[in-house]
Chemist: 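Have a look at this one before I ask anything.
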Amino acid sequence: NAGGADAYLLQVTTTPSVCFEAARGEFDCGVMISASHNPFTDNGIKLVNGDGEKIDDRTIQVIEDYLDGGARALGLDADELPLSHGADIGQIVDYAAGRNRYVGYLISLAAHSYRSLRIGLDCANGSSWMIAKAVFEALGARTYIINADPDGLNINLNAGSTHIEGLRRLVLSEHLDVGFAFDGDADRCLAVDERGQVLNGDKIMYICAKYFKERGQLPGDTVVTTVMSNFGLYKALDKAGIRYEKTAVGDRYVYENMKENDFVLGGEQSGHIIFRKYAHTGDGLITALMLMQVMIDTQLPLSVLASGVSMYPQVLKNVRVDDKDGTLADADVQAAVDECTADLGDSGRVLLRKSGTEPVLRVMAEAGSPEECEKQVDHIIEAMERSGHLIEVKK
């Protein structure tokens, strides 16, 4: 407001609803205050552009440069952004109607009634606490809801997609058809099948990709994944005749690849799934609705739909090093990675990835057994130690 902009407040709402309104409400941008899947103490700001897409790296850098060094980063000869005065000051508008429009949009995406279905919802004491119930009950489902009592402090606290054991217990104790767990801002969704088995983002992508391909609705017969997707997903996609792209970790990079190549499905193992026909970012509620559509159309339970993909055991260790780029470029470390890759052949893989915020490398292996994963990861870490780059293996 002080800068002269009008702020339309959606009140307590989900990140995807902000993206939805930014794209459809003729707004210049959207701002979400959220800690995503983290505790409330990590609250920060997510920014989306006027098309409802995550703000690009260049613009983010300009904003960060301004915060660090003043307005010169924006080409202004001043230490502060100019403020508005008098009648030019912006207005605050109560815009809860925009959130309600988003709820209506979600309901319109469902191709079938959910009558007679028993569905569990874990709302993470977060922003889906009202919206999820409203959508599923409007479609006729009998809902069983946990963690829908937010007090501002308990968001994601032993709840939601990062603590899915509570939803597993609910599904099994109440004999539910399916359960969905969202994170605090509801851009992630994981599922629990009728047997209490957890479906991560990789399994959800497999189910939806296979369904779309069989109906000619998967352009290029391709799914966009990140480098952290499980090796088992790629084996299952190969068997189903589905191609895949791999991007850097982050749903923004998944979306950029999808947009550039006109693909419609992509996502992350964590449950950020993008259905580009319906949204420009991950949307946990849309993910749940798409899984419901597959279940109803195929008349198959989620356990059967997911049976075509088996997740490979995975071991991931965080290694503190003196120089991330130097360690990755070290000849001994590269040789160890090549040796592990050759040893595993087509039965697994190893991956080294830099942390974006710490002097840490993530060393990951996927193979037929946890013991084999451990062996390969330790082989690479030993090379880091011999090269002198290793500081510690973090617990």
Side-chain angles (χ1 to χ4, degrees), residues 37 110 112-124 128 132-133 135-137 139-148 158-183 186 188-212 214 223 229-237 239-240 242 265 267-273 284-314 366 368-370:
H37 55 286
H112 307 283
S113 167
Y114 298 166
R115 199 169 303 280
S116 80
L117 290 171
R118 296 156 54 85
I119 300 173
L121 302 171
D122 184 341
C123 298
S128 66
K133 174 182 172 69
V135 170
F136 280 88
E137 291 190 352
L139 292 168
R142 184 173 177 182
T143 60
Y144 296 74
I145 302 174
I146 57 175
N147 300 316
N158 299 317
S161 60
T162 53
H163 299 277
I164 203 164
E165 55 277 1
L167 181 63
R168 290 187 67 244
R169 289 193 295 268
L170 177 70
V171 169
L172 291 171
S173 64
E174 299 293 341
H175 307 290
L176 305 184
D177 296 297
V178 64
F180 299 110
F182 310 105
D183 67 336
R188 297 186 184 197
C189 174
L190 298 185
V192 174
D193 70 21
E194 77 287 357
R195 297 179 179 176
Q197 301 172 119
V198 177
L199 277 69
N200 64 15
D202 284 348
K203 288 192 174 185
I204 292 171
M205 282 192 288
Y206 168 79
I207 290 170
C208 293
K210 193 164 180 286
Y211 171 83
F212 288 151
E214 290 169 351
V223 177
S229 278
N230 191 277
F231 193 69
L233 170 65
Y234 298 127
K235 299 287 279 187
L237 292 176
K239 188 174 181 181
I242 298 172
L265 177 62
E268 298 185 283
Q269 193 178 74
S270 62
H272 278 128
I273 312 294
L285 285 157
I286 290 179
T287 299
L289 293 172
M290 291 299 104
L291 277 177
M292 291 300 303
Q293 181 171 319
V294 177
M295 289 173 59
I296 294 171
D297 278 349
T298 61
Q299 290 295 293
L300 293 172
L302 211 51
S303 62
V304 173
L305 292 169
S307 62
V309 56
S310 298
M311 295 291 104
Y312 274 48
Q314 182 184 90
E366 291 171 339
S369 69

Chemist: Enter the distance from Met205:CE to Ile273:CD1 here, rounded to the nearest 0.5 Å.
Modeler: 5.0 Å
Chemist: So which heavy atom on Cys123 is nearest to which on Ala132, and how close?
Modeler: SG-CB, 4.1 Å
Chemist: How many angstroms lie between atom CG of Leu167 and atom CZ of Phe180, to the nearest 0.5 angstrom?
Modeler: 9.5 Å
Chemist: Taking the side chain as every heavy atom from C-beta outward, state whether Ile296 and Gln293 have any pair of such atoms under 4.5 Å apart.
Modeler: no
Chemist: How long is the straight-line distance from OG1 of Thr298 back to CG of Leu305, given to the nearest 0.5 Å?
Modeler: 4.5 Å
Chemist: Taking all non-hydrogen atoms of both residues into account, name the closest pair between Tyr206 and Ala236 and its distance.
Modeler: CE1-CB, 3.7 Å
Chemist: Considering residues at least two apart in sequence or located in another chain, which fulfil the side-chain contact (heavy atoms from CB on, under 4.5 Å) criterion with Ser270?
Modeler: Arg188, Glu268, His272
Chemist: I'd like to check the salt bridge (Lys or Arg N to Asp or Glu O under 4.0 Å) partners of Glu366; sequence neighbours left out, ordered by chain and number.
Modeler: Arg349
Chemist: Hey, does the side chain of Asp122 reach the backbone of Gly160 with a donor-acceptor pair shorter than 3.5 angstrom?
Modeler: yes
Chemist: Do Arg169 and Glu165 sit within salt-bridge range, that is, some charged N less than 4.0 Å from a carboxylate O?
Modeler: no
Chemist: What distance do Phe182 atom CZ and Leu190 atom CG have between them, rounded to the nearest 0.5 Å?
Modeler: 10.0 Å
Chemist: Can you sort out the partners of Glu174 under salt bridge (Lys or Arg N to Asp or Glu O under 4.0 Å), two or more places apart, ordered by chain and number?
Modeler: none
Chemist: Mind checking the CG-CE spacing from Leu117 to Met295? Nearest 0.5 Å is all I need.
Modeler: 6.5 Å
Chemist: Closest approach of Leu170 and Gly120, non-hydrogen atoms and distance?
Modeler: CD2-CA, 4.2 Å
Chemist: Hey, are the side chains of Asp297 and His112 touching, using non-hydrogen atoms and a 4.5 Å cut-off?
Modeler: yes
Chemist: Mind listing the closest non-hydrogen atom pair of Gly284 and Cys189 along with its distance?
Modeler: O-CB, 3.4 Å
Chemist: Taking all heavy atoms of Val178 and all of Leu302, pick out the closest pair and write down the distance.
Modeler: CG2-CD2, 3.6 Å
Chemist: Tyr211: which residues meet the ring pair (Phe, Tyr, Trp, His ring centres under 6.0 Å) condition with it, sequence neighbours left out?
Modeler: none
Chemist: Is the closest side-chain heavy-atom distance between Met292 and Ile119 below 4.5 Å?
Modeler: yes
Chemist: Nearest 0.5 Å, please: how far is CE in Met290 from CZ in Phe212?
Modeler: 6.0 Å
Chemist: Does the pair Val223 and Leu233 meet the rule for a side chain to side chain contact (heavy atoms under 4.5 Å, CB included), with working shown?
Modeler: CA-CA 11 Å; Val223 177; Leu233 170 65; over 6 Å; no
Chemist: If you count every heavy atom of other residues, nucleotides or ligands that lies below 6.0 Å from Arg118 atom CZ, does the total exceed 12?
Modeler: yes
Chemist: Please table the atom pairs, donor to acceptor, closer than 3.5 Å between any side-chain atom in residues 193-203 and protein atoms at least two apart or in another chain.
Modeler:
unit_1	atom_1	unit_2	atom_2	d
Asp193	OD1	Arg195	N	2.8
Asp193	OD1	Gly196	N	3.1
Asp193	OD1	Gln197	N	3.0
Asp193	OD2	Gln197	NE2	2.7
Glu194	OE1	Ser303	N	3.4
Glu194	OE2	Ser303	OG	2.3
Asn200	OD1	Asp202	N	3.1
Asn200	OD1	Lys203	N	3.1
Asp202	OD1	Ser229	OG	2.9
Asp202	OD2	Asn230	N	2.7
Asp202	OD2	Gln269	NE2	3.0

Chemist: Of the non-hydrogen atoms in Ser128 and Ala186, which two are nearest, and what is the gap between them?
Modeler: CB-CB, 4.0 Å
Chemist: I'd like to check the salt bridge (Lys or Arg N to Asp or Glu O under 4.0 Å) partners of Lys133; sequence neighbours left out, ordered by chain and number.
Modeler: Glu137
Chemist: Mind checking whether Phe136 and Tyr114 have parallel, tilted or perpendicular rings, split at 30° and 60°?
Modeler: tilted
